[in-house]
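Worksheet: the structure to be examined is printed underneath.
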Amino acid sequence: PYTTLFRSHQTACEDGPGPRILAAFCSALLACDRTKQACEYYENEMLPKGVLPDAMLTNSLVKAAALCGNMVLAKRLSDVAANARPTVSGGSNTSGSDLQRHAILIKAYGRDGNLSGASEVVARLKESGTPVTSLIHNCYLDACVHCGDMAAAGKQFDEMKRVGLIDVVGYNTMLKSHLSRGRPDDARTLLQEMAACGLQANKVTFNELLHARVVAKDAKGVWTLIDDMQKAGVHANSVTCSILLKSLTIHSPPRDVKRVMGLIEDIEESMDEVLLSSAIEACIRIKQLDRLSELMRRHKQKGGLRNLAAPAYGSMIKAYGQAGNMVRVHEIGRASCR
C-alpha cells in the first residue's frame with residue numbers, strides 16, 4: 001500500500017537516504033502505479049542528488065513520463081541514459097535496453113501526434129550506430145499511421161521491405177490503416193502481398209478484416225473471412241467472437257447465429273466479461289435468451305463467469321425481466337449477491 005510505502009521511506013530517510021533507497025522508493029512508486037509521483041520523485045529527490053537510475057528503472061521512468069505527457073522528462077532521461085553509466089547498480093545500458101527506451105519514446109510521440117519528435121528519436125538512434133531492429137521500425141511505422149502521415153508511412157513501409165525487416169506486425173499496421181480509411185481493396189492487396197512473402201496472417205490480421213466487414217454489413221464477406229481463417233489454421237479468440245456477435249441482428253439467418261455460438265464454445269480461453277457482455281447484448285438484440293442461458297450454463301461448468309461486475313448482472317436481469325422469465329431473474333439476482 002502507498003501509505004505503508006511512504007512511512008517506510010520516512011523511516012529510511014531519518015539517517016539520510018542513500019542512492020539505493022532513493023532508487024528503490026522510486027521503483028516502488030512505479031509498482032504501485034503512481035507514475036506521476038514517481039516522475040516527480042525522480043526530479044525532486046534523485047536528480048538533485050545526482051542519482052542516476054539503472055537501465056531497468058530508466059526505461060520504466062521513460063514510460064511513466066510518456067504516459068503522463070511529460071515528454072521533456074522522457075527525452076531527458078533517455079539522453080542521460082545514452083550518455084552516462086548508471087550510478088545505481090542493478091542493470092546496465094545494454095543495446096537491448098537502449099532500443100526499448102527508444103521504442104517507448106517513439107510510441108509516445110506518435111500518440112501525441114508529434115511525428116517530428118518520433119523521427120528525431122529514430123535519427124538519433126541511427127547516428128549512434130546502433131542497429132535499427134524490427135521493433136524500432138514497427139514503432140515508427142505505427143507513429144506515422146497514428147499521426148495520419150500516410151506518405152511517411154508508405155516510405156517507412158518500403159524501407160522496412162528494402163532492409164528485410166518487414167514482418168506480420170508491420171503488415172497489420174498498414175492493413176489497419178487502409179481499413180480505417182475505407183480502402184478495403186488496398187487491404188486485400190496487402191493481404192495477398194503478405195502471403196506471397198511467406199508471412200502467415202495471424203488473429204490480429206483477420207480480426208481487423210472482420211471488423212471492417214461487420215461495419216460494412218457484409219455478411220457474406222464475414223463468413224468468407226472466417227472460412228479463410230480456419231483454412232489458415234488460425235483459431236478464433238474472444239475478440240473474433242465479440243466482433244461476430246456485433247454482426248448479429250433480428251434478421252440474421254439461424255445458421256449464422258448457430259455458427260457464432262459454436263465459435264464461442266470452441267475458443268481456447270475462458271469466456272471473459274467483455275465477451276459475455278457482447279453475448280448478452282446480441283442475445284437480447286436477436287431475442288434469443290434461451291441461447292444466452294445455455295451459453296452461461298456451459299461456461300459455468302468450465303469454471304468461467306466468476307466475479308462478474310454489477311453491469312453484467314444488471315443487463316441479464318433486465319433482459320430476463322422483459323421476457324417475463326422471473327425464475328431466471330431470481331437466479332441471477334442470487335448469483336450476483338454471492
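In this text the structure is predicted, and so the values were computed from the model without any measurement.
- Here the CG atom belonging to Leu57 is positioned 6.5 Å from the CG atom belonging to Leu30, to the nearest 0.5 angstrom.
- Side-chain N/O atoms of Thr189 and Asp186 include no donor and acceptor closer than 3.5 Å.
- With hydrogens and angles ignored, the 3.5 Å screen pairs a side-chain donor or acceptor of Asn138 with a backbone N or O of Gly170.
- Rounded to the nearest 0.5 angstrom, Glu208 CD and Leu225 CG are separated by 12.0 Å.
- Note that the OG1 atom of Thr35 and the CG atom of Asp33 stand 7.5 Å from one another [nearest 0.5 Å].
- The backbone N or O of Leu245 sits less than 3.5 Å from a side-chain atom of Arg285, completing a donor-acceptor pair.
- Annotation: side chain of Arg181 is in contact with side chain of Met150 (closest heavy-atom distance under 4.5 Å).
- Not counting sequence neighbours, the partners of Leu191 by the side chain to side chain contact (heavy atoms under 4.5 Å, CB included) test are Leu175, Met194, Ala201, Thr205, Leu209.
- In terms of modelled atom types and a separation under 3.5 Å, the side chain of Ser78 and the main chain of Ala74 share no donor-acceptor contact.
- Annotation: Lys161, atom NZ; neighbour count of heavy atoms from other residues, nucleotides and ligands within 6.0 Å is above 12.
- Put simply, CG on Leu73 and CD on Glu43 are 4.5 Å apart, with the number rounded to the nearest 0.5 Å.
- Residues Lys217 and Thr249 form no side-chain contact, since every pair of their non-hydrogen atoms from C-beta on lies 4.5 Å or further apart.
- Partners of Tyr171 by ring-ring contact (aromatic ring centres under 6.0 Å, His included), not counting sequence neighbours, listed by chain and number: Phe157.
- Here Ala232 pairs with Gln200, Phe206, Val234 under the side chain to side chain contact (heavy atoms under 4.5 Å, CB included) rule; sequence neighbours left out.
- Partners of Ala212 according to the side chain to side chain contact (heavy atoms under 4.5 Å, CB included) rule, which considers only residues two or more places apart in sequence or in another chain, are Leu179.
- Side-chain contact between Leu244 and Ile226 is present, with heavy atoms from C-beta onward closer than 4.5 Å.
- Under the 3.5 Å distance criterion, the side-chain polar atoms of Thr173 are matched with a main-chain donor or acceptor of Val169.
- Two residues are said to be in side-chain contact when any heavy atoms from C-beta on lie closer than 4.5 Å; Val260 and Leu248 meet this criterion.
- Separation of atoms CG (Leu210) and CH2 (Trp223) is listed at 9.0 Å; rounding is to 0.5 Å.
- For Lys246, the NZ atom counts as loosely surrounded, since its 6.0 Å shell holds 12 or fewer non-hydrogen atoms of other residues, nucleotides or ligands.
- For His137, the side chain to side chain contact (heavy atoms under 4.5 Å, CB included) test picks out Val132, Gln156, Glu159, Met160, Val163, Leu165, with sequence neighbours left out.
- Among residues at least two apart or in separate chains, salt bridge (Lys or Arg N to Asp or Glu O under 4.0 Å) pairs with a member in residues 221-243 are Asp227-Arg259.
- The line from CD of Glu120 to CD1 of Ile106 is 11.5 Å long, rounded to the nearest 0.5 Å.
- Salt-bridge annotation for Asp185 and Arg188: present, with a side-chain N of the basic residue lying under 4.0 Å from a carboxylate O of the acidic one.
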